[in-house]
Amino acid sequence: MKDIFIDELVKKVGEKRAYHSIGVMKTAIKLARIYDCDIEKARIAGILHDCAKYRDKSYLLKRANDFGIILDNIMLENTELIHGPLGAMVAKFEFGIRDDEILDAICYHTTGRKNMTTLDKIIYIADYIEPNRDFPGVDEARELAYKDLNKSLKFAMENTIIFLLRQGKLVHLDTIEARNYLVLLEKSE
C-alpha cells in the first residue's frame, strides 16, 4: 500500500520508523472499521503519528522551541514524550493537516489523556499493538483491542506505567488521568 505521506515521512524519520508507522496505519484502519470511527482520519493519524520522532535530542528540543511548545518537567526529563505534541505541529505545518481530531490523536498518542476520543484511543492502541511490536503482553493487548477498545487501552496504559516505574522513570500526568478515567468508566458500566 502506497500512501501519499510515506516518501516525506521516510525523509524525516527514516525507513524503520516509517515501516512502524505503516503498521500503525493499517492497524488503526482495522480498528476504525470495528469501532465506527472515520477511516480516513485513522489512516492519516496512524501514518503521521511519529512524524516528529527525531533521534537527536537537541534537534527535538529545538523544534519544540521553534513551534512554541511549552514542555512540562516530565517531558523535559523524558524527552521521548515530546514527539507527540511536536508531531501534531509538524503534521499541521509540514504535512498540511488541519483536522483538530487528527492533530489531537497525534499529540496524545504517547501519553493518552482524560476523555480520549475514539480516534485518540485507536491511535494510542494501534501504536502499542501494530504487527511489528514484540514484547511481553502485546498478544493479550492485541486480542483485547479487537474486542473492547477501553479494556485494551487500560491494559496497555497499566503495562506502560508499570514499565516506567520499574525503569525509575516519571509517569506523565496525562497518562495517570487517562488510566483513572478508564477505571471509572469501567466501574460505571
Side-chain angles (χ1 to χ4, degrees), residues 1-69 71 75 78-113 116-135 138-139 141-143 145-146 149 152-153 156 160 174:
M1 178 180 199
K2 188 69 176 164
D3 189 277
I4 58 170
F5 298 119
I6 291 176
D7 291 340
E8 188 62 28
L9 195 62
V10 168
K11 287 180 200 166
K12 285 190 182 300
V13 297
E15 282 187 30
K16 186 177 177 186
R17 181 62 47 194
Y19 186 68
H20 160 71
S21 295
I22 292 168
V24 172
M25 176 187 71
K26 289 179 177 177
T27 304
I29 289 169
K30 284 183 194 171
L31 292 170
R33 288 188 174 117
I34 294 170
Y35 295 108
D36 197 26
C37 185
D38 187 302
I39 291 170
E40 183 62 11
K41 289 183 180 187
R43 183 189 69 77
I44 295 169
I47 195 68
L48 293 180
H49 80 286
D50 273 352
C51 65
K53 188 137 183 163
Y54 311 120
R55 289 185 183 178
D56 184 308
K57 182 179 171 182
S58 59
Y59 185 67
L60 190 71
L61 291 169
K62 179 191 177 311
R63 296 295 319 266
N65 186 55
D66 290 347
F67 281 113
I69 297 171
L71 301 174
M75 287 193 177
N78 185 1
T79 53
E80 279 282 311
L81 297 175
I82 296 172
H83 79 276
L86 180 57
M89 299 302 274
V90 169
K92 183 174 184 176
F93 293 105
E94 296 178 16
F95 286 89
I97 306 302
R98 296 290 184 253
D99 185 297
D100 288 338
E101 192 178 8
I102 293 171
L103 297 173
D104 282 346
I106 293 170
C107 181
Y108 294 103
H109 86 272
T110 58
T111 60
R113 63 175 170 162
M116 293 171 79
T117 66
T118 301
L119 185 62
D120 291 346
K121 293 174 184 177
I122 285 173
I123 299 306
Y124 185 99
I125 201 68
D127 186 30
Y128 193 82
I129 66 165
E130 65 97 1
N132 301 301
R133 296 284 198 194
D134 185 20
F135 55 84
V138 72
D139 290 332
R142 282 188 187 114
E143 192 175 321
Y146 293 104
L149 188 59
S152 70
L153 201 62
T160 299
D174 284 344

Kindly indicate, with the supporting measurements, whether the criterion side-chain contact (heavy atoms from CB on, under 4.5 Å) is fulfilled by I47 and I22. CA-CA 6 Å; I47 195 68; I22 292 168; 3.8 Å; yes
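Atoms CD1 and NZ, from I123 and K41 in turn, are 12.0 Å apart once rounded to the nearest 0.5 Å. In this structure, CD1 in I102 is found 5.5 Å from CD1 in I97, a value given to the nearest 0.5 Å. Distance check, rounded to the nearest 0.5 Å: CG of D120 to CD of E101 gives 7.5 Å. Residue D38 holds its CG atom at 8.0 Å from CD1 of I44, rounded to the nearest 0.5 Å. Remark: H83 NE2 to H109 NE2 distance equals 3.0 Å, nearest 0.5 Å. Separating the CZ atom in R113 from the CG atom in D104 is a distance of 4.5 Å, to the nearest 0.5 Å.
Checked for salt-bridge contact, D66 and K62 meet the test: a charged N lies under 4.0 Å from a carboxylate O.
Between the side chain of R133 and the main chain of D127, a donor-acceptor pair closer than 3.5 Å is present.
D139 is listed as a side-chain neighbour of R142, based on a closest heavy-atom distance under 4.5 Å. Within the 4.5 Å cutoff, the side chain of M75 has heavy atoms near those of the P85 side chain. Counting heavy atoms from C-beta on, the side chains of T79 and L71 never come closer than 4.5 Å. No side-chain heavy atom of F95 sits under 4.5 Å from any side-chain heavy atom of I106. When side chains are defined from C-beta on, M116 counts as touching L153, because their heavy atoms get closer than 4.5 Å. In this structure the side chain of S21 never reaches within 4.5 angstrom of the side chain of L48, judged on heavy atoms. For the pair Y54/I82, no side-chain contact is recorded, criterion being any heavy-atom separation below 4.5 Å from C-beta on. Annotation: side chain of T27 is in contact with side chain of Y146 (closest heavy-atom distance under 4.5 Å).
Heavy-atom minimum distance, T110 versus L81: OG1-O, 3.6 Å. Shown here for A52 and L86, the closest heavy-atom pair between the two residues is CB-CG, 3.7 Å. Taking each heavy atom of I129 and A145 in turn, the nearest pair found is CD1-CB, 3.6 Å. Nearest heavy atoms, C37 versus I122: CB-CD1, 3.7 Å. I125 approaches A156 most closely through the heavy-atom pair CD1-CB, 3.6 Å. Nearest heavy-atom pair, C51 versus A91, reported as atom, atom and distance to 0.1 Å: SG-N, 3.9 Å.
Crowding of D56 atom CG: a count of heavy atoms from other residues, nucleotides or ligands under 6.0 Å exceeding 12. Heavy atoms of other residues, nucleotides or ligands lying less than 6.0 angstrom from CZ of R98 number more than 12. More than 12 heavy atoms of other residues, nucleotides or ligands shown are found within 6.0 angstrom of CD on E94.
Just one residue in the list K16, R17, K12 forms a salt bridge (charged side-chain N to carboxylate O under 4.0 Å, His left out) with D50, and that residue is R17. With H20 as the partner, the side chain to side chain donor-acceptor pair (under 3.5 Å) test is satisfied by one option alone out of K53, E15, H49: H49.
Ring planes of F93 and F67: parallel class, angle under 30° (limits at 30 and 60°).
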